[in-house]
Amino acid sequence: MDSAELFRWVLENLNYWVVTIFMAIESSFIPFPSEVVVPPAAWKAMADDSMNIFLVVVFATIGADIGALFNYYLAKWLGRPIVYRFADSRIGHMCLIDRESVERAEQYFRDHGAASTFFGRLIPAIRQLISIPAGLANMRMDHFLLYTTLGAGLWNSVLAAIGYCIYRFTDLKTTNDVYILATKYSHEIGYVLLVLAVVVVGFLIYKGLKKKK
């Protein structure tokens, strides 16, 4: 089954199980676009009541946590040398992972600390890999799950909102059309959200430092 057939199957069989499983895949190192899952599922929830849009976000986030945990423990148990050897391998490249992308994720983790597992979930090039440096650094599990759930929940809410808006403001009739349109806008919205999150956190830090003075 090639990727086009797999996408078609997902789009034709959307339910909570499919949302959870494929968001877990998307959140691991296996390349799979979240735009194939959440926006069409949210659109479908509005169009035929077979699902609830809020539960779409919940199950998508559960799936994202599962995939993130897989990456976390894989990195924790295998360690840096094997992770980088995999990134340099042909299989790693088939999974769209290379040394540069792993190094970028590690640098992002070092620069932003534990909160990078939240912010990283909003960045397209980092989102699937941010769990790897968290595992390599042996980040506390409760912190990892908290930040991952918050970041993934926010991103999935954005994707669900895209699906909702497509239902409300367009005449699209198929989940495939929804996926194509959602892909067009999701990355730009993700970057806008990231900037807003950084501004808010920066403001809170500034207020905290001002209070201490």
Side-chain angles (χ1 to χ4, degrees), residues 19-35 37-39 42 54-80 83 87 95-97 101-162 186-209 211:
V19 169
T20 304
I21 291 167
F22 281 91
M23 285 305 291
I25 291 171
E26 186 270 346
S27 192
S28 72
F29 58 79
I30 301 171
F32 192 88
S34 53
E35 292 84 357
V37 183
V38 182
F54 298 105
L55 288 179
V56 167
V57 174
V58 169
F59 282 99
T61 304
I62 291 171
D65 282 346
I66 292 170
L69 283 168
F70 178 81
N71 279 2
Y72 174 92
Y73 279 110
L74 201 65
K76 183 176 180 177
W77 292 335
L78 296 181
R80 184 173 282 98
V83 167
C95 293
L96 304 183
I97 296 176
S101 62
V102 177
E103 286 175 346
R104 194 186 309 125
E106 272 210 280
Q107 186 60 49
Y108 190 84
F109 186 87
R110 284 194 294 268
D111 290 345
H112 298 88
S116 64
T117 54
F118 169 76
F119 293 118
R121 302 299 306 188
L122 306 176
I123 305 176
I126 298 290
R127 186 166 58 247
Q128 291 87 348
L129 300 179
I130 195 61
S131 306
I132 292 175
L136 292 175
N138 200 23
M139 181 180 177
R140 274 182 53 174
M141 178 53 62
D142 55 345
H143 291 175
F144 174 74
L145 271 179
L146 173 64
Y147 286 121
T148 299
T149 301
L150 291 174
L154 178 57
W155 178 244
N156 290 327
S157 297
V158 169
L159 293 178
I162 292 173
S186 61
H187 287 181
E188 289 82 354
I189 293 174
Y191 283 119
V192 170
L193 264 180
L194 176 63
V195 171
L196 289 175
V198 169
V199 169
V200 170
V201 171
F203 176 75
L204 292 174
I205 292 172
Y206 169 75
K207 292 283 282 185
L209 290 173
K211 263 186 184 178

> Nearest 0.5 Å, what's the CG-CZ distance between L146 and R140?
Replying inline: 10.5 Å
> side-chain contact (heavy atoms from CB on, under 4.5 Å) between L150 and R121: does it pass, once the steps are laid out?
Replying inline: CA-CA 9 Å; L150 291 174; R121 302 299 306 188; over 6 Å; no
> Is S27 reaching over with its side chain to a backbone N or O of A24, donor-acceptor style, under 3.5 angstrom?
Replying inline: no
>> Would you say T61 and N156 are linked by a side-chain donor-acceptor pair, where the criterion is simply a distance under 3.5 Å?
In response: yes
> Roughly how far apart are L154 CG and T149 OG1, rounded to 0.5 Å?
Replying inline: 12.5 Å
>> Using every non-hydrogen atom in the two residues, find where V19 and V37 come nearest and quote the distance to one decimal.
In response: CA-CG1, 3.7 Å
> For I132 and L74, what are the C-alpha separation, side-chain angles and deciding distance, and is it a side-chain contact (heavy atoms from CB on, under 4.5 Å)?
Replying inline: CA-CA 8 Å; I132 292 175; L74 201 65; over 6 Å; no
>> Using a 3.5 Å distance criterion without hydrogens, assess whether the side chain of Y72 forms a donor-acceptor pair with backbone atoms of G67.
In response: no
> What heavy-atom pair brings S157 and G153 nearest, and what distance separates the two atoms?
Replying inline: OG-O, 2.7 Å
> Should H143 and F118 be marked as a side-chain contact (heavy atoms from CB on, under 4.5 Å) after you check the CA-CA gap, both sets of side-chain angles, and the distance that decides it?
Replying inline: CA-CA 10 Å; H143 291 175; F118 169 76; over 6 Å; no
> Stepwise, does the side-chain contact (heavy atoms from CB on, under 4.5 Å) test hold for M23 with F32?
Replying inline: CA-CA 8 Å; M23 285 305 291; F32 192 88; over 6 Å; no
> Where is the tightest heavy-atom contact between A152 and A64, given as atom of each residue plus distance?
Replying inline: CB-CB, 3.7 Å
> So which heavy atom on S131 is nearest to which on N71, and how close?
Replying inline: CB-CB, 3.7 Å
> Between OH of Y147 and CG of D142, what distance do you get to the nearest 0.5 Å?
Replying inline: 10.0 Å
> Atom CD1 in I21, atom CD1 in I25: separation rounded to 0.5 Å?
Replying inline: 7.5 Å
> Between D65 and T148, does any side-chain donor sit less than 3.5 Å from a side-chain acceptor?
Replying inline: no
>> Which heavy atom of S34 sits nearest to which heavy atom of W155, and what is that distance?
In response: OG-NE1, 3.4 Å
> Which heavy atom in A160 sits nearest to a heavy atom in V38, and how many Å separate them?
Replying inline: N-CG1, 3.7 Å
